[in-house]
Protein chains: 2
Amino acid sequence: MNPFATHFDSLEEFADRVSEVLQCPITIEDANHRLIAYSTHEHYTDPARTATIINRRVPEKVINSLWREGVIPKLLSNSEPIRVEMISEVGLGNRIAISIWKNKEVLGFIWAIEMEQTWTEEQFELLKQAAKAAKNLLLQLQIRKHKKEERIQEFFWKLLTGHFSSHNDIIQQCHVLNIPVYPFSSVVIFHFKQEIQPQVERQIDYLLKTTQQLAVPLYTIDHHRLTLLAAPKSNANAQADIKRFLRSFIAQMNERFRIEVTDGAFGSIYECYTKIEKSYKEAQTVLNMKRAFSHDLGNVQSYQELGMYQFFDLLLEKKRDGDFYNETLEKLKQYDNRHHASLVKTIETFLDHDSNVNETAKALNIHPNTLAYRLKRIAEIGEIDLHDMNQKVKLYIDVKLAKYEASH
Amino acid sequence: MNPFATHFDSLEEFADRVSEVLQCPITIEDANHRLIAYSTHEHYTDPARTATIINRRVPEKVINSLWREGVIPKLLSNSEPIRVEMISEVGLGNRIAISIWKNKEVLGFIWAIEMEQTWTEEQFELLKQAAKAAKNLLLQLQIRKHKKEERIQEFFWKLLTGHFSSHNDIIQQCHVLNIPVYPFSSVVIFHFKQEIQPQVERQIDYLLKTTQQLAVPLYTIDHHRLTLLAAPKSNANAQADIKRFLRSFIAQMNERFRIEVTDGAFGSIYECYTKIEKSYKEAQTVLNMKRAFSHDLGNVQSYQELGMYQFFDLLLEKKRDGDFYNETLEKLKQYDNRHHASLVKTIETFLDHDSNVNETAKALNIHPNTLAYRLKRIAEIGEIDLHDMNQKVKLYIDVKLAKYEASH
DNA sequence: ATTAATTTTGTGGATTTCCACAAAATCATG
DNA sequence: CATGATTTTGTGGAAATCCACAAAATTAAT
């Protein structure tokens with residue numbers, strides 16, 4: 001009765017059997033669109049399938065199209081086979097697809113290419129049986145993977161916390177754990193609005209496994225945070241690549257799964273794996289600073305872009321020791337208190353806007369001349385020369401530092 | 001024969017005796033123009049003398065006049081009495097003055113006011129005898145002072161190196177050593193071109209004791225450096241007061257004694273005596289930074305004015321750890337090397353001149369449009385927004401820091 | 001040596017900034 | 001609440017900055 005009720009030695013054998021029964025090419029993917037097995041009978045194959053087999057994963061643009069078309073959401077919501085119309089822009093022919101379920105979780109997909117004739121009810125029924133049969137085969141894979149996962153997680157945390165001191169040791173360890181090694185990497189942290197629940201983890205895993213903007217050899221989740229190692233393809237536009245990845249990850253989490261990612265940040269890009277710890281700390285610094293200076297650092301994602309805020313932790317420490325007290329700032333604060341004025345706010349905004357009078361006036365909703373007058377007063381009261389870069393830098397840092405101190 | 005060849009219980013008694021013999025008011029000062037004794041017979045007294053007695057020191061403007069008139073140089077060069085013409089601007093009447101010598105050192109001065117009749121040869125002779133007699137009396141004072149000096153020196157070094165942790169302990173110690181206590185103080189360091197020789201020490205002592213711009217309760221000399229505690233009169237213009245003192249000290253050392261003081265600097269002004277250590281470190285930092293950034297910090301004397309350079313030591317340390325590597329700066333350096341251009345110099349000068357195109361162009365001897373072009377290139381190559389204060393600050397600091405690192 | 005790319009300098013005009021002055025509004029204080 | 005001091009806003013013109021374009025000079029690379 002059921003043509004798949006026998007033992008299969010491998011998934012490949014299974015794929016071939018399904019292909020034989022249904023008389024069409026078959027591809028089996030895991031939940032992250034990685035290729036698990038494919039049939040090898042001689043049949044017509046569309047370009048999307050060829051690419052998938054060569055790369056051992058579904059090309060990202062194909063995945064994106066399938067999301068846009070609503071195919072994947074449908075597959076994730078029920079276990080019925082569906083017909084997928086050709087999407088010629090990405091080389092996808094007419095297909096039939098079905099998801100493979102274990103309890104309420106999707107383990108993977110079976111794709112069949114629809115040949116000349118449209119499918120009969122019987123064929124659909126057979127495919128459903130195949131999906132059921134695939135479940136057990138896939139489960140074994142899952143379990144194997146799961147055990148390995150834990151060791152990998154531990155390894156990643158060791159990397160993040162600077163447990164290893166030799167690059168070569170790390171590389172060797174990667175080989176043992178079968179973690180791919182890349183020449184450049186940077187630590188990325190995403191902060192989620194809600195604590196990350198197990199079902200969200202699957203969606204994160206999905207996005208990370210499917211993205212092709214960069215490789216994500218390692219990631220870990222705890223509480224609100226997703227921390228991952230990102231390996232950009234080239235060194236040339238590495239920064240830009242990671243930035244793009246951040247943007248699209250946040251957008252996709254939101255669009256596809258309605259999961260809000262509050263913030264994302266990444267550290268410098270290093271070649272040596274021992275620097276992962278540093279990159280991790282940098283990424284954390286970026287997040288901390290963004291929290292303290294959301295207004296100033298709204299568009300900042302990388303440690304490089306943090307600019308002077310890079311050394312705020314360090315400076316705050318010294319400031320706490322009572323070092324660099326700023327006479328100018330104190331005088332301005334004093335004046336503000338005594339006359340409930342807002343010279344500090346004024347100078348801060350002025351410096352925020354690169355000493356541009358008009359922009360600053362607009363930002364403060366005051367007449368440019370008013371600003372000019374205030375600046376004259378600031379120069380007098382604070383005994384500062386507003387055309388002296390050194391003095392301005394010191395004041396700017398001290399103003400921001402005072403805010404930072406207040407927020408800590 | 002010699003009317004002074006008896007024992008005197010005190011210098012006051014001596015002064016009265018001289019006054020009696022010469023029939024005129026007598027004032028005795030030490031080498032630093034501090035009042036040591038004065039006669040109390042009823043005689044006419046000029047305003048300068050009154051002021052001297054009230055303040056227990058010769059008013060600074062009087063000292064300055066006497067220097068300008070060449071009186072004091074003459075007194076310091078030989079032991080003959082000289083006639084000093086009236087200087088009415090400073091309330092000085094006609095005087096006769098003589099210096100008191102021990103070996104080749106001047107211990108002090110005797111001043112006599114010339115009454116109606118001009119002095120006879122005999123009177124001059126008597127004054128010379130008085131000066132000789134004063135020597136022994138003054139010597140006792142010197143010796144007493146000298147022993148105390150050593151303990152005071154040690155105490156000062158303890159203050160500078162943070163040996164005490166309680167303000168009250170320090171104050172008490174000051175009382176024991178008879179060191180006056182002031183509400184505000186700051187550590188000042190002068191760097192001399194030549195190593196400071198013993199005879200120069202006397203001249204330093206002289207200047208410090210006679211200055212009235214501020215009090216100098218403690219000072220110490222080693223090698224090229226004079227380190228002192230400066231107590232400004234009021235808190236209001238304390239900074240300005242100390243700055244004026246620095247300027248005039250350096251000028252006077254040069255004008256009066258032809259001694260070159262290369263540099264002077266001072267730390268923050270603190271109320272608590274335990275902060276003297278900090279002020280000392282700050283003053284040292286100022287000197288160090290001025291050496292490294294002579295071009296940028298030519299006019300800087302105080303820690304406050306150091307601005308962002310205040311935290312360069314700290315930053316350099318971190319930089320050495322490989323933290324904050326600046327992508328922009330590296331790219332510009334790279335470009336400079338590859339094309340022997342001078343983008344780094346250009347941006348540095350630009351920022352030095354507060355982002356003013358015209359000034360910068362002038363400083364670099366290039367056409368303003370050339371500068372504009374270079375800035376456009378810098379923005380492109382360094383991927384920096386030259387209207388973003390944060391980025392500019394970071395770059396500015398990194399440029400200067402790179403220089404600092406190179407110089408260390 | 002030639003060519004292409006890059007850099008420097010020049011010109012003119014639109015725009016913005018800077019300043020001085022004055023009037024109006026607001027604030028502080030007795 | 002009256003008064004003077006301080007702050008805000010308005011106006012107009014001189015000065016500067018910015019920008020686009022083009023020519024000249026320099027440099028790099030074949």
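Reminder, nothing fancy here: chain letters follow the sequence lines and each chain counts from 1. Note that the structure is a prediction, hence the values are computed from the model and not measured.
Applying the salt bridge (Lys or Arg N to Asp or Glu O under 4.0 Å) test to every pair with at least one member in residues 354-365 of chain A, sequence neighbours left out, gives these pairs: D354(A)-K392(B). Among residue pairs with one or both ends in residues 365-379 of chain B, those qualifying as salt bridge (Lys or Arg N to Asp or Glu O under 4.0 Å) are R377(B)-E380(B); sequence neighbours excluded.
Taken residue by residue, residues 355-367 of chain B places heavy atoms nearer than 4.0 Å to DNA chain C at I366(B), H367(B). Near-neighbour residues of DNA chain D inside residues 370-378 of chain A, defined by a heavy atom below 4.0 Å, number-ordered: T370(A), Y373(A), R374(A), R377(A).
Although no hydrogens or angles enter the test, the distance criterion places a donor-acceptor pair under 3.5 Å between the side chain of Q212(A) and the main chain of E60(A). Side chain of H339(A) to backbone of A341(A): no donor-acceptor contact under 3.5 angstrom is found.
Contacts of D385(A) classified as side chain to side chain contact (heavy atoms under 4.5 Å, CB included), with partners at least two apart in sequence or in another chain: H387(A), D388(A), Q391(A). Scored by the salt bridge (charged side-chain N to carboxylate O under 4.0 Å, His left out) test, R244(B) finds D241(B) as partners (sequence neighbours excluded). Under the ring-ring contact (aromatic ring centres under 6.0 Å, His included) criterion, Y273(A) pairs with H167(A), sequence neighbours left out. In terms of the ring-ring contact (aromatic ring centres under 6.0 Å, His included) criterion, Y182(B) has no residue partners (sequence neighbours excluded).
Protein atom CG of L386(B) is 15 Å distant from nucleotide atom C1' of dT17(D), rounded to whole Å.
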Under 3.5 Å donor-acceptor pairs involving side-chain atoms of residues 327-335 of chain B, not counting sequence neighbours:
{"residue": "T328(B)", "atom": "OG1", "partner": "G382(B)", "partner atom": "O", "Å": "2.9"}
{"residue": "K331(B)", "atom": "NZ", "partner": "E383(B)", "partner atom": "OE2", "Å": "2.5"}

Could you go through residues 393-403 of chain B and list every donor-acceptor pair under 3.5 Å that involves a side-chain atom there, pairing it with any protein atom two or more places apart or in another chain?
{"residue": "K394(B)", "atom": "NZ", "partner": "Q310(A)", "partner atom": "OE1", "Å": "3.2"}
{"residue": "K394(B)", "atom": "NZ", "partner": "D398(B)", "partner atom": "OD2", "Å": "2.7"}
{"residue": "Y396(B)", "atom": "OH", "partner": "D352(B)", "partner atom": "OD1", "Å": "2.7"}
{"residue": "D398(B)", "atom": "OD2", "partner": "N326(B)", "partner atom": "ND2", "Å": "2.7"}
{"residue": "K400(B)", "atom": "NZ", "partner": "D296(B)", "partner atom": "OD1", "Å": "2.7"}
{"residue": "K400(B)", "atom": "NZ", "partner": "E348(B)", "partner atom": "OE2", "Å": "2.8"}
{"residue": "K400(B)", "atom": "NZ", "partner": "D352(B)", "partner atom": "OD1", "Å": "3.1"}
{"residue": "K400(B)", "atom": "NZ", "partner": "D352(B)", "partner atom": "OD2", "Å": "3.4"}
{"residue": "K403(B)", "atom": "NZ", "partner": "E348(B)", "partner atom": "OE2", "Å": "2.7"}

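Side-chain atoms of Q239(B) and F266(B), non-hydrogen and from C-beta on, do get closer than 4.5 Å to each other. Residues T211(A) and F245(A) meet the side-chain proximity criterion, which asks for heavy atoms closer than 4.5 Å.
Nucleotides of DNA chain D nearest to A341(A) and H387(B) differ in position, and the one nearer the 5' end is that of A341(A).
Using cut-offs of 30° and 60° for the angle between ring planes, the F293(B) and F312(B) rings count as perpendicular.
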(message) Protein within reach of the bases, or only the backbone? For nucleotides 21-30 of chain C, mark each nucleotide 5' to 3' as B, S or -, using heavy atoms under 4.0 Å.
(response) -------S--
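Taking a pair as Watson-Crick or G-U wobble with both distances under 3.5 Å, DNA chain C forms stems of 3 or more consecutive pairs at C:1-30 with D:1-30.
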